[in-house]
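Remember, it's 1-based here, ligands and their atoms both numbered in the order they're listed. Worth saying up front: this structure is predicted, and the values here are computed from it rather than measured. Below, all heavy atoms of this structure are taken into account, side chains as well, without hydrogens, waters or symmetry copies.
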Amino acid sequence: MSPDSRFPRSFLWGAATSAYQVEGSPLADGAGPSIWQRFAHTPGRVRGGDTGDVACDHYRRFEEDVRWMRELGLNAYRFSVSWSRVLPEGTGRVNQRGLDFYRRLVDALLSAGIQPAVTLYHWDLPAALDDRGGWLNRDVAEWFAEYASVLFGALDDRVEMWATLNEPWVVTDGGYLTGDLAPGHRNLFEAPRAAHNLLRAHASAVQAYRAQGQHRIGLVVNLEPKDPASGQPEDLAATARADAYMNRQFLDPVFLGRSPEEMREIFGAAWPDPPAADFDHIRQPIDFLGINYYTRSVTCADPAARPVGAGRVRQPRHAYTETDWEVYPAGLTQTLLGVRQRYGDIPLYVTENGAAFYDPPTVEGDELADPLRVAYLRTHLQAVQEARRHGVDVRGYFAWSLLDNFEWSHGYSKRFGLLHVDFETQRRTPKASARFYAEVIRSRGEALLEGRLPA
Ligand code: FCB
């Protein structure tokens with residue numbers, strides 16, 4: 001690798017987590033319950049009855065976790081704020097003790113030379129707001145802007161990178177259509193309404209930031225290339241619908257000021273046909289786009305798969321992760337190039353990328369060998385390099401995740417961490433992938449070259 005093909009010195013090398021997945025102590029210090037607190041405590045919702053009550057105990061162990069980040073050489077950490085820690089009822093009264101936790105975390109990061117990248121919403125709506133209709137209530141846009149303003153006021157002097165929402169597609173698909181995620185509804189009419197209100201809330205927070213903030217704000221979406229299983233017209237049409245539903249439903253309104261045509265076809269009578277004025281509000285410049293990439297989908301027509309009418313074709317020769325996601329690094333390059341082509345040259349960050357592979361619950365000794373995750377990281381970082389070689393403005397990469405953690409309805413059964421967590425003792429052990437990532441960071445990408453083994 002020639003010295004100039006290395007990643008630039010300004011590149012952000014991070015790891016990501018989210019509040020409910022790692023913090024634990026969800027009701028400590030005056031916090032209100034979130035929809036995830038409620039959902040996880042509802043029997044049958046989460047595998048094995050697991051909850052985020054303890055999780056990685058990051059709420060109490062964040063200083064140790066920041067030391068680990070420093071040891072790995074990270075210069076950025078992406079985490080989310082729990083809305084109901086800061087505003088226990090969702091609006092109105094601010095809980096200073098909740099806010100103080102994030103102040104202490106930000107200060108610890110900054111003194112370790114690590115840049116905080118804060119996500120305002122990673123799926124844990126205050127339960128009190130869900131009782132008022134949650135994402136289905138149009139007022140949620142003002143509620144969200146009010147909450148965002150509290151955070152901007154408290155932390156924008158030290159936080160230079162903000163994201164409004166994490167993966168709004170998952171919020172609506174899992175929360176309102178399949179019911180696999182909180183609040184667990186299954187309603188064709190609700191999903192597109194929640195989606196539209198998520199967009200409005202995003203825009204209202206961006207607007208609040210323009211009035212109040214000094215740095216940068218963006219949005220984080222999960223994208224997945226949809227490759228047609230064949231050239232048959234039905235498969236091509238299904239692929240276009242799947243792409244509209246997952247990849248364009250949120251980005252077209254934000255960047256182009258309209259919803260994809262296919263949305264009407266997908267939702268039929270359930271499509272709300274939002275007023276044009278809403279799109280003027282939604283289409284506001286953002287400073288960067290965060291992309292979470294895990295896999296792609298080879299797509300075929302499947303009329304039984306309502307409402308999109310698209311299915312996924314398994315690729316027998318390819319590797320799959322423990323969450324049954326095809327390992328497909330080329331899809332990351334494809335995604336980054338595709339976003340630039342459709343939406344223009346906006347600064348991009350890979351805000352999540354990683355994989356669950358089997359790791360044992362406890363570890364003897366000091367290191368855990370996870371060759372599949374090392375290979376996953378290596379090939380996906382090479383895919384980022386490839387996009388950069390094509391001139392795409394990718395400015396950072398955040399591995400999902402810093403820690404093994406509460407993987408939503410899978411509970412603790414899927415481990416994505418660079419650091420292994422023994423959930424009995426809370427001991428952290430770096431996996432070989434953590435050491436490998438540290439070496440990539442130290443060498444600014446040289447360690448990605450094939451044949452070079454992790455230190
Ligand atoms: C993403 C989520 C993140 C984590 C990973 C595996 O969809 O943003 O919280 O669950 O998947």
Original post:
Heavy atom of N222 under 4.0 Å from ligand 1?
Top reply: no
Subject >> Options E352, H410, Q21, ranked by nearest heavy atom to atom 8 (O) of ligand 1, top entry >> reply: E352
Original post:
Is it true that a side-chain atom of Q115 and a backbone atom of E160 form a donor plus acceptor pair closer than 3.5 Å?
Top reply: no
Original post:
ligand 1 and W400, any nitrogen or oxygen pair closer than 3.5 angstrom?
Top reply: no
**OP:** Establish, from distance only, whether the side-chain atoms of D370 and S433 form a donor-acceptor pair under 3.5 Å.
**Re:** yes
Original post:
Just going by heavy-atom distances, which of Y294, F416, Y20, W169 is nearest to atom 5 (C) of ligand 1?
Top reply: Y294
Original post:
Under 4.0 Å from any heavy atom of H122, which atoms of ligand 1 are there?
Top reply: 2 (C), 3 (C), 8 (O), 9 (O)
**OP:** Kindly confirm or rule out a cation-pi arrangement of R78 over Y349, judged by NZ or CZ under 6.0 Å from the six-membered ring centre and within 45° of its axis?
**Re:** no
**OP:** Establish, from distance only, whether the side-chain atoms of Y320 and Q315 form a donor-acceptor pair under 3.5 Å.
**Re:** no
Subject >> Atoms of ligand 1, numbered as shown, that sit under 4.0 Å from any heavy atom of W408 >> reply: 3 (C), 4 (C), 9 (O), 10 (O)
Original post:
Where is the nearest protein heavy atom to atom 7 (O) of ligand 1: which residue, which atom, and how far?
Top reply: E167 OE1, 2.6 Å
Subject >> Structural part of V170 in contact with ligand 1, heavy atom criterion under 4.0 angstrom >> reply: neither
Subject >> Atoms of ligand 1 close to E407 [distance to a heavy atom under 4.0 angstrom, numbered from 1] >> reply: 4 (C), 6 (C), 10 (O)
**OP:** Indicate whether any N or O donor in one side chain lies under 3.5 Å from an N or O acceptor in the other, for D53 and H41.
**Re:** yes
Subject >> Modelled atom types, side-chain donor and acceptor of Y77 and T17, under 3.5 Å >> reply: yes
Original post:
Can any side-chain N or O of N75 pair as donor or acceptor with the backbone N or O of W13 at less than 3.5 Å?
Top reply: yes
